[in-house]
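What follows is a single structure, written as structure tokens, with notes after it.
Side chains included, hydrogens not; waters and symmetry mates left out as well; all remaining heavy atoms used. Letters A, B, ... mirror the listed sequences (proteins, then strands); counts begin at 1.
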Amino acid sequence: MSSLFFGNFNTAAGRDRWASSCFHRHFPNSELALKDRVSSIALMEIGFNMAEALERRFAAVAAEIEEFGEGFIPDVRPADPRFGDFQANGVLPFAKRTGRNPRNLAEILVGRIKGSSAGRFDVTVAGPGFINVTLRPAVLLEWLLAYGTERDLRTGASDLYRNRIVVVDYSSPNTAKQMHVAHVRSMVVGEAISRLFEFAGARVTRDNHIGDWGTQYGKLIYAYKNHLDQEALKSDALEELERLYKKGDALCKEDPAHLEQARAELVKLQRGDPGNLKLWEEIKRLSEDAFEEIYGKLGIRFDFHLGESFYRDKVDEVYAELLEHGIAEESEGALVVFHPDHPRFRKQPFIIRKSDGASNYASTDLATVLYRVREWKANKLVYVTDSRQQDHFQQLFLTVERWFAATARPVPELDHVCFGTILGDDGKAIKTRSGDPVKLKDLLNEAEERARAIVQEKNPGLPDDEKDDIARAIGIGAIRYADLAQNRTSDYVFSWDKVLSFEGNTAPYLLYAVARIHSIFTRMGDTAEIDERQATPFETEQEQNLARKLLDFAEVLKMTVGDLRPHVLCTYLYELAGDFSGFYNADKVLVDAAGTRARRILLCRRTLLVLEKGLHLLGIRTLKRM
RNA sequence: GCGGCAGUAGCUCAACCGGACAGAGCAGCGGUUUUCUAAACCGCUGGUUGGGGGUUCAAGUCCCUCCUGCCGCGCCA
């Protein structure tokens, strides 16, 4: 494997483990890092990932050379097209470490590699010791012939996370509250990551960890009992529940007597009072129905909806074990965990049981880890939440690590996949004109409406129901893509003009690129009889650019999945669409020469395949025409 | 106070845990269509990567320092 991917694992394990990062990760099992020491792979066997194949090849050749030996990492990566198809930069740091002349070393290595390249690629030394590799056009063609279907791609990719049992914890809204714009990133990113994991060979469980057992229920039940508007509840349950919560909250603030009663309702609920429990179930059901509407629009389906309430009888075991092993302690009446070796968390407590004896989200999160590992045999847990919860997850992960070590359980790999805030034009968290949070259903509806208007304008001749369908795909796709195309760790500025534009790195541009290729095939009629094996090697600059870009899919997928950063895939798809446009503009597909025609059709087919697969992995539905 | 994240072209964003002249899109300017969707493509203009030091063959990236913004930090999730 190239260092691009596994380099992440290696360096992460070795770096200052207290250095907090948004992508917080623990690596209990180092054996996962290098399953493939195999260097006996035949030269340039048509592997899925050409950069990896070269990496292995270079390393194997170097191992035979006295000046290099074992510790050399070639560091092969896709190159700037100016220099070739791939570049290996590893000689420079190696030369530095060993005190050699980098240029000389590179030339020695290149000399040996040339001898075994079998005429399949050219390799040269450039600058201070960069090694540039250019594949022969026939090799590009071979790869494209070998990876011709969705299944082929999946097979190629499925080594990345084979044998991993992953739980993705995303969306996770609170009951009795509407979903707002702030919730969309967790859903969109979480779903994309789940699909990517599956494609990469993992067994994925999607778990919606709903916030259904919080302290807010006291106030809500109190207000529900005294101020419910039945009509309002019928017309829009969540609006009414939200109103009731605010009402309850306001009452408690203005008069301690109300607060007392609200607390009493909570205690009754937690002790299992049948009336309150029934009410709670009703609120939960209403909430989940409303959530389902949104999930339906986004095409998201969970395997489980095990909310916090599910763990309410599972926290005592956690308290007992943590106490027994001296990990948790009593402090100011609460049960807390300190991490004595951590500069900050030796003072900042992780409160796992409140002083009134009630559980909180730390308690249930701990119980949840145990459940997922014990019941589902999960070896990797991924949490998709906003960055503000970084401290919480760091403390959670540290606690789990110590707890599981003390109880001789396998420690799962734990990831907090965090994300930033969606901002409005003013650079602050997006709000409506009146200053309220933007409701997610309103955002999605507006996206469809705006997309519908665009379809109407650009393609008025289509049937109405198809226009509606196209508008849904574009509208929802645009919202999703805008979210994914941005580096998730940073905040981003939302703008309708930007997300719905047909120019630039947007969903409409990519969907159009897909529709355009579909239309090429529609126009050509039945192309099934066109034999790809008649294709002759690529000749024009545009053909070669496009072919090379298609090969990069493997490496891009690895990077995307390795860092869990979907925008890497987005950028790639955008560039691929651009290379296709360049090709399509410069080179006529339907020419008379059979070999040329076959290879250009091949490029169209593969571009369509990769674009559609990529967009589907991101959770975006593609269209045949628009 | 402690900590996290960020500051890159007029605007919105990239830059693959140190690599080649910092790249796109939009906006601005100029081209391309009797030819497969112009919802496209090509070119030009635009940068002291917040400031200042340092590390080395090489720094937007690592270290120190300062400035600015957002966000956490004992019983919400």
- Query: Atom CG of A:Leu557 and atom C1' of B:C16: how far apart are they, to the nearest Å?
  - Reply: 14 Å
- Whole-Å distance between B:G19 P and A:Ile131 CD1? 16 Å
- Message: Closest approach to the side chain of A:Glu503, judged atom by atom: which nucleotide of B:C73, B:G19, B:G25 is it?
- Response: B:G25
- Using the C1' atoms only, state how far B:U68 lies from B:A39, rounded to an integer number of Å. 41 Å
- Name the pairing partner of B:U49, where a pair is Watson-Crick or G-U wobble with both distances under 3.5 Å, or state none. none
- Message: What's A:Pro93 touching, base or sugar-phosphate or nothing? Going by heavy atoms closer than 4.0 Å.
- Response: base
- Message: Heavy atoms only, 4.0 Å cut-off, all strands: where does A:Asn174 land among base, sugar-phosphate and nothing?
- Response: sugar-phosphate
- Query: Roughly how many Å is it from CD in A:Gln348 to C1' in B:G4, rounded to a whole number?
  - Reply: 11 Å
- Base, sugar-phosphate alone, or nothing: which one does A:Gly127 contact when heavy atoms must sit under 4.0 Å apart? nothing
- Query: Separation of A:Asp356 atom CG from B:C75 atom P, in whole Å?
  - Reply: 12 Å
- Query: Counting any heavy atom closer than 4.0 Å, what does A:Ser519 reach on the DNA or RNA strands: base, sugar-phosphate only, or nothing?
  - Reply: base
- Item | Single hit among A:Leu615, A:Ile620, A:Val184 for side chain to side chain contact (heavy atoms under 4.5 Å, CB included) with A:Arg480 | A:Ile620
- Message: As a test of reading the structure: which of B:A39, B:C70, B:C75 is closest to the side chain of A:Tyr512, going by heavy atoms?
- Response: B:A39
- Query: Is the shortest side-chain N/O distance from A:Thr506 to OP1 or OP2 of B:C26 below 4.0 Å?
  - Reply: no
- Task: With heavy atoms under 4.0 Å as the rule, sort A:Tyr492 into base, sugar-phosphate or nothing.
- Result: sugar-phosphate
- Message: A cation-pi test, strictly: NZ or CZ of A:Arg77 under 6.0 Å from the centre of the six-membered ring of A:Phe86 and no more than 45 degrees from its axis. Yes or no?
- Response: no
- Gap between atoms OH and P, on A:Tyr245 and B:C76 respectively (whole Å): 10 Å
- Between A:Phe583 and A:Lys549, is there a cation-pi geometry (under 6.0 Å to ring centre, at most 45° from the normal)? no
- Message: Taking 4.0 Å as the cut-off, does a side-chain nitrogen or oxygen of A:Ser490 come that near to OP1 or OP2 on B:A6?
- Response: no
- Can you tell me if the side-chain N/O atoms of A:Arg488 get under 4.0 Å from OP1 or OP2 in B:C13? no
- Item | Side-chain (A:Ser363) to main-chain (A:Asn360) donor-acceptor, under 3.5 angstrom | yes
- With a 4.0 Å cut-off on heavy atoms, is A:Val336 in touch with a base, just the backbone sugar-phosphate, or nothing at all? base
- Message: Between A:Asn208 and A:Ser172 (side chain of the first, backbone of the second, donor and acceptor by atom type, cut-off under 3.5 Å), is there such a pair?
- Response: yes
- Task: Assess whether one donor atom and one acceptor atom, taken from the side chain of A:Ser331 and the base of B:G74, lie less than 3.5 Å apart.
- Result: yes
- Query: Does A:Ser355 make a side-chain donor-acceptor contact with the base of B:C75, cut-off 3.5 Å?
  - Reply: yes
- Message: Considering every strand and a 4.0 Å limit on heavy-atom distances, what is the contact class for A:Val589: base, sugar-phosphate, or nothing?
- Response: base
- Item | A:Lys96 vs B:G19: side-chain N/O to OP1/OP2 distance below 4.0 Å | no
- Would you confirm whether A:Glu265, through its side chain, and A:Lys219, through its main-chain N or O, come within 3.5 Å as a donor-acceptor pair? no
- Item | Nucleotide nearest A:Arg344 when distance is taken to its side chain, options B:A14, B:G72, B:C41 | B:G72
- Task: Rounded off to whole Å, could you give me the CD-to-C1' distance for the A:Gln395 and B:C73 pair?
- Result: 9 Å
- Hunt down the Watson-Crick or G-U wobble partner of B:G28, both distances under 3.5 Å, from any strand shown, or write none. B:C44
- Item | Base-pairing assignment for B:A9 (Watson-Crick or G-U wobble, both under 3.5 Å) | none
- Item | Residue met sooner reading RNA chain B from 5', once A:Leu92 and A:Arg565 are mapped to nucleotides | A:Arg565
- Out of B:G72, B:A40, B:C75, which has the shortest distance to the side chain of A:Arg388? B:G72
- Could you tell me whether A:Asp249 contacts a base, only the sugar-phosphate backbone, or nothing, with contacts defined as non-hydrogen atoms closer than 4.0 Å? nothing
- Inter-nucleotide C1' distance (B:G25, B:C5), Å rounded: 25 Å
- Go through the N and O atoms of the side chain of A:Arg82 and the base of B:C21, and report whether any donor-acceptor pair is under 3.5 Å. yes
- Message: For the CZ atom on A:Arg312, are there more than 12 heavy atoms of other groups (residues, nucleotides or ligands in this structure) within a distance under 6.0 Å?
- Response: yes
- Counting only distance, no hydrogens or angles, is the base of B:A20 paired donor-acceptor with the side chain of A:Gln87 under 3.5 Å? yes
- Tell me what A:Ala586 touches on the nucleic acid: a base, only sugar-phosphate, or nothing, going by heavy atoms under 4.0 Å. nothing
- Query: When you compare B:A27 with B:A40, how far apart are their P atoms, in angstrom units rounded to a whole number?
  - Reply: 11 Å
- G-U wobble or Watson-Crick pairing nucleotide for B:C73 (cut-off 3.5 Å, both distances): B:G1
- Using the P atoms only, state how far B:C63 lies from B:G7, rounded to an integer number of Å. 15 Å
- So what's B:A20 paired with, Watson-Crick or G-U wobble, going by both distances under 3.5 Å? none
- Message: Checking base pairs now: Watson-Crick or wobble, both atom distances under 3.5 Å. What partners B:G60?
- Response: none
- Task: With side chain to side chain donor-acceptor pair (under 3.5 Å) as the test, would you mind laying out the steps for A:Glu612 and A:His518 before giving the verdict?
- Result: CA-CA 11 Å; A:Glu612 287 203 304; A:His518 273 296; 3.1 Å; yes
- Kindly indicate whether the side chain of A:Asp497 and the base of B:A27 share any N or O donor-acceptor pair separated by less than 3.5 Å? no
- Item | Residue closer to the 5' end of RNA chain B, A:Gly578 versus A:Thr421 (nearest nucleotide) | A:Gly578
- Message: Measuring from the side chain of A:Arg77 (C-beta onward, heavy atoms only), which nucleotide among B:G19, B:C73, B:C76 has the closest atom?
- Response: B:G19
- Task: Tell me what A:Ala358 touches on the nucleic acid: a base, only sugar-phosphate, or nothing, going by heavy atoms under 4.0 Å.
- Result: nothing
- Message: Counting the atoms with a prime plus P, OP1 and OP2 as sugar-phosphate, which does A:Lys588 contact under 4.0 Å by heavy atoms, base, sugar-phosphate, or nothing?
- Response: base
- Query: Nearest to the side chain of A:Glu332 - B:C75, B:C41, B:G19?
  - Reply: B:C75
- What is the nucleic acid contact for A:Tyr574, judged by heavy atoms within less than 4.0 Å: base, sugar-phosphate only, or nothing? sugar-phosphate
- Message: side chain to side chain contact (heavy atoms under 4.5 Å, CB included) for A:Phe393 and A:Asp415? Distances and angles first, verdict last.
- Response: CA-CA 9 Å; A:Phe393 283 108; A:Asp415 286 340; over 6 Å; no
- Does a side-chain N or O from A:Tyr509 land closer than 4.0 Å to OP1 or OP2 of B:C41, or not? yes
- Please determine, for the side chain of A:Tyr361, which listed nucleotide (B:G3, B:C70, B:A77) has the closest atom? B:A77
- Atom CZ of A:Phe83 and atom C1' of B:G23 are separated, to the nearest Å, by 13 Å
- Residue from A:Asp425, A:Ile479, A:Asp483, A:Leu423 passing side chain to side chain contact (heavy atoms under 4.5 Å, CB included) with A:Phe494: A:Ile479
- Query: Any side-chain N or O of A:His567 less than 4.0 Å from the OP1 or OP2 oxygen of B:A15?
  - Reply: yes
- Query: Paired with B:C36 by Watson-Crick or G-U wobble geometry, both distances under 3.5 Å: which nucleotide is it?
  - Reply: none
